[in-house]
Amino acid sequence: MILVDFRGFDTLGEATVLVTVAIGVRALLLIGRERQA
Amino acid sequence: MTSSILQTATRFLMPLLLLFAVFLLLRGHNEPGGGFVGGLVVAAAFVLYSMAFGVVASRRALLVDPSTLLGTGLLVALGSGVPAVLLGRPFMTASWMTVRVGPAAVDVGTPLVFDIGVFLAVIGVVLTIVFTLSDVARAED
């Protein structure tokens, strides 16, 4: 029971990291483009 | 690049991949599978679609913006821990109930909601990265 519940925390942190990565990739790729426009 | 072989194969593979992803999502808690892998399979299906039909068509086939999925998924996953707090138990304690649909009995609980959240977030992450990369590559052509 404890194992399963803590696995949830682990996955939640993992998902947060991934979402941050996606936002970072999008921001870094679009930052130069908007300056040109 | 348009190849009619790839396009026809994609038309056959898309429904199979999406069904397989739902299968992975639903069996995930006690057996190999889960929201993460399911989300990756959906994302791979849409990447395949964008190889065959182009990124614009793939975005249209997804129906929602991938960055919307990103936030929604994370909020759903976070929200699945809240009912346990309201019941006075530690955050993210699993609660289950059995739903009977005719002869079949399905266990539904907060871990399923959590997995659906992770599923949506992973689709959003992969497709945001892939679509943004290909948009930038196309703009530089």
Side-chain angles (χ1 to χ4, degrees), chain A, chain B residues 28-30 34-37 39-40 43 65-82 84-85 89-96 109-140:
Chain A
M1 198 53 124
I2 285 178
L3 186 67
V4 169
D5 294 343
F6 274 93
R7 205 178 62 179
F9 271 108
D10 181 48
T11 312
L12 185 64
E14 223 168 67
T16 315
V17 169
L18 279 180
V19 168
T20 317
V21 166
I23 293 172
V25 166
R26 193 171 165 79
L28 284 173
L29 283 174
L30 295 185
I31 199 168
R33 207 157 59 150
E34 272 165 31
R35 208 165 286 161
Q36 284 167 11
Chain B
H29 195 64
N30 296 317
F36 218 94
V37 208
L40 284 178
D65 197 58
S67 49
T68 316
L69 288 177
L70 203 90
T72 316
L74 204 57
L75 279 180
V76 169
L78 203 61
S80 76
V82 173
V85 176
R89 297 153 84 192
F91 181 66
M92 273 198 163
T93 307
S95 30
W96 292 95
T110 53
L112 180 65
V113 180
F114 181 80
D115 260 344
I116 291 172
V118 172
F119 180 77
L120 295 178
V122 169
I123 299 172
V125 166
V126 177
L127 290 184
T128 302
I129 293 176
V130 171
F131 287 168
T132 311
L133 279 171
S134 61
D135 281 349
V136 170
R138 207 159 24 131
E140 280 170 5

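Every chain is numbered from 1, with letters handed out A, B, ... down the list of sequences.
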Do you know which of B:V136, B:L127, B:T110 has the most heavy-atom pairs under 4.5 Å to chain A? B:V136

By a 4.5 Å heavy-atom criterion (distance strictly below it), what part of B:F131 contacts chain A: side chain, backbone, both, or neither? neither

What one should report as the nearest heavy-atom pair of B:F114 and A:L12 is CZ-N, 3.7 Å

Which atom names give the shortest non-hydrogen contact between B:I129 and A:A22, and what distance separates them? CG1-CA, 4.0 Å

Does the side chain of A:L29 reach to within under 4.5 Å of the side chain of B:D135, using non-hydrogen atoms? no

Member of B:V122, B:T128, B:V125 meeting the side-chain contact (heavy atoms from CB on, under 4.5 Å) criterion with A:V19: B:V125

Give the C-alpha distance, both sets of side-chain angles, the deciding distance and a yes or no for side-chain contact (heavy atoms from CB on, under 4.5 Å) between B:D115 and A:T11. CA-CA 9 Å; B:D115 260 344; A:T11 312; 5.8 Å; no

Okay, B:L78 and chain A: the region with an atom under 4.5 Å from a heavy atom over there is both

CG (B:L74) and CG (A:L18) are apart, to the nearest 0.5 Å, by 10.0 Å

Can you tell me which portion of B:V118 sits under 4.5 Å from chain A's heavy atoms? Options are side chain, backbone, both or neither. side chain

